[in-house]
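Chain letters run A, B, ... following the sequence lines, proteins first and then strands; every chain starts at 1. A quick note: this is a predicted structure, and the numbers were derived from the prediction, not measured.
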Amino acid sequence: MRVGYPCINRSIGCKSDRTFRLRSYSKQRLVETVENNLNCLFKILTFNLKNHLLFFRITSDLIPFASHSICRFNWQDHFRGKFEEIGGLIRGAGMRISMHPDQFTLINSVDDEIFMRSERELAYHAQVLDLMNLDASAKIQIHIGGVYGNKEESMRRFVERFYRLDDAIRRRLAIENDDKLYCLRDCLNISADTGSPILFDVFHHGRYNSGESVQQAIESIMGTWNKKRDGIPMVDYSSQMCDGSPNQHAETLDMSDFGAFLKCTSRYDFDVMLEIKDKEKSALKAVKAIESPRYKPII
DNA sequence: TCACGTCAAGCAGAT
DNA sequence: ATCTGCTTGACGTGA
């Protein structure tokens with residue numbers, strides 16, 4: 001089990017997701033921003049390595065407007081050396097990487113234009129991971145998408161569109177259960193048709209499920225990961241804010257909840273991403289718990 | 001230096 | 001109709 005946190009590090013004083021407004025776009029602005037973002041990403045990964053945090057989600061804002069038609073600059077070639085350097089650090093340390101395109105990326109949209117924009121966005125994510133020379137265990141996690149008034153039809157459309165994507169994208173996709181529209185059971189159906197592994201989100205599952213316990217859920221997704229190609233499963237974990245909207249992620253990791261989670265899933269090996277507001281602080285708490293003998297997974 | 005209106009993109013549910 | 005959440009504030013103008 002590797003422990004990680006998404007996108008942002010709050011303690012090292014740099015940001016790898018700096019961006020700018022579309023109307024301020026210029027080649028120079030892009031180069032400056034990306035240079036900053038890649039340098040910061042290297043610093044974050046170095047920090048993570050030092051602190052035994054071996055799982056990290058790279059922000060989708062790493063290259064602002066990468067999939068937008070305004071971007072004509074060949075950032076791939078321009079930053080090739082930097083990407084290779086970062087990839088070398090990741091591979092050398094045995095770190096795990098994920099990316100999570102935002103809610104505008106919809107493979108199953110009824111609108112073909114939205115699908116094509118989504119395809120370009122996914123291609124950008126795959127390129128980042130390819131440029132780092134990471135294998136297909138570095139995943140791009142996406143939700144199934146919208147329902148558009150007909151869930152069955154929308155799931156069929158997802159599968160049909162999936163096979164229209166380039167293999168450079170397909171091999172990296174992992175399907176994540178969401179909290180409203182597509183639950184674990186839906187993901188299992190999609191996974192059976194596409195061969196994509198399921199990235200299990202514990203928090204979403206708590207809000208929308210078809211009755212499976214967390215342990216049963218983990219059991220059911222294990223087989224969707226082809227260990228040789230995909231690596232061990234990835235799991236997103238967050239604790240609920242105790243006092244506020246039930247949607248929001250907690251301020252910090254609740255160790256008794258997390259301890260219980262580790263206990264009930266100790267038969268399985270997977271990497272866990274902690275989606276908690278205080279980011280690396282909670283991840284550090286989790287690493288400490290996992291390294292303590294009472295939570296040692298039985299593998 | 002600070003306040004604050006606005007920011008590439010979509011969907012669904014609440015108000 | 002408009003607002004909010006999603007993984008998450010922060011860019012950039014004007015004073």
[atom1] spacing across the pair [N] / [M], given as an integer number of angstrom:
N	M	atom1	value
dT6(B)	dC3(C)	C1'	15 Å
dC2(B)	dT7(C)	P	33 Å
dG5(B)	dC6(C)	P	24 Å
dG9(C)	dG5(C)	C1'	14 Å
dG12(C)	dA9(B)	P	16 Å

Under 4.0 Å: is that the gap between some side-chain N or O of [X] and OP1 or OP2 of [N]?
X	N	result
H100(A)	dT7(C)	yes
R10(A)	dT8(C)	no
H204(A)	dT7(C)	yes
T59(A)	dT8(C)	no

So what does [X] touch, heavy atoms closer than 4.0 Å: a base, only the sugar-phosphate, or nothing?
X	answer
S118(A)	nothing
S60(A)	nothing
S24(A)	sugar-phosphate
I114(A)	sugar-phosphate
R21(A)	base
F65(A)	base
R29(A)	sugar-phosphate

Distance, rounded to the nearest Å, where [X] contributes [atom1] and [N] contributes [atom2]:
X	N	atom1	atom2	value
H143(A)	dG5(C)	NE2	C1'	12 Å
D278(A)	dT7(C)	CG	C1'	15 Å
N36(A)	dC11(C)	CG	C1'	14 Å
Y148(A)	dA12(B)	OH	P	6 Å
Y124(A)	dA9(B)	OH	P	17 Å
K180(A)	dT4(C)	NZ	C1'	9 Å
D111(A)	dG10(B)	CG	C1'	10 Å
Y182(A)	dG13(B)	OH	C1'	15 Å

Output the single nucleotide from [options] whose closest atom is nearest the side chain of [X].
X	options	result
E121(A)	dC11(B), dT7(C), dA8(B)	dA8(B)
V147(A)	dT13(C), dA10(C), dA12(B)	dA12(B)
L181(A)	dA9(B), dG13(B), dT7(C)	dG13(B)
I8(A)	dT7(C), dA12(B), dT8(C)	dT8(C)

Between P6(A) and L22(A), which is nearer to the 5' end of DNA chain C once each is assigned its nearest nucleotide?
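Closer to the 5' end of DNA chain C: P6(A).
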Relative to the 5' end of DNA chain C, which residue comes earlier, D61(A) or D17(A), by the nucleotide with the nearest heavy atom?
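It is D61(A) whose nearest nucleotide is closer to the 5' end.
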Who does [N] pair with, Watson-Crick or G-U, both distances under 3.5 Å?
N	value
dT13(C)	dA3(B)
dT8(C)	none
dC3(C)	dG13(B)

Just checking K43(A): does its NZ atom have more than 12 heavy atoms from other residues, nucleotides or ligands closer to it than 6.0 angstrom?
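No - once you tally the heavy atoms of other residues, nucleotides and ligands closer than 6.0 Å, there are 12 at most.
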Would one find more than 12 heavy atoms of other residues, nucleotides or ligands at under 6.0 Å from atom NZ of K281(A)?
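Not buried by this count: 12 neighbours or fewer within 6.0 Å.
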dA9(B) pyrimidine/purine six-ring stacking with F104(A), under 5.5 Å and 30°:
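By the stated criterion, F104(A) and dA9(B) stack.
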Check for me whether the distance between the ring centres of [X] and [Y] falls short of 6.0 Å.
X	Y	result
Y182(A)	H143(A)	no
Y5(A)	F55(A)	no
Y237(A)	F261(A)	yes

So which heavy atom on R57(A) is nearest to which on D236(A), and how close?
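Heavy-atom minimum between the residues: NH2-OD2, 3.2 Å.
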Under 4.5 Å between side-chain heavy atoms, hopping through other hydrophobics if needed: is there a path connecting L181(A) to F162(A)?
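Yes: a chain of side-chain contacts under 4.5 Å links L181(A) to F162(A).
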Does a side chain donor of either D278(A) or T252(A) reach within less than 3.5 Å of an acceptor in the other side chain?
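Short answer, yes.
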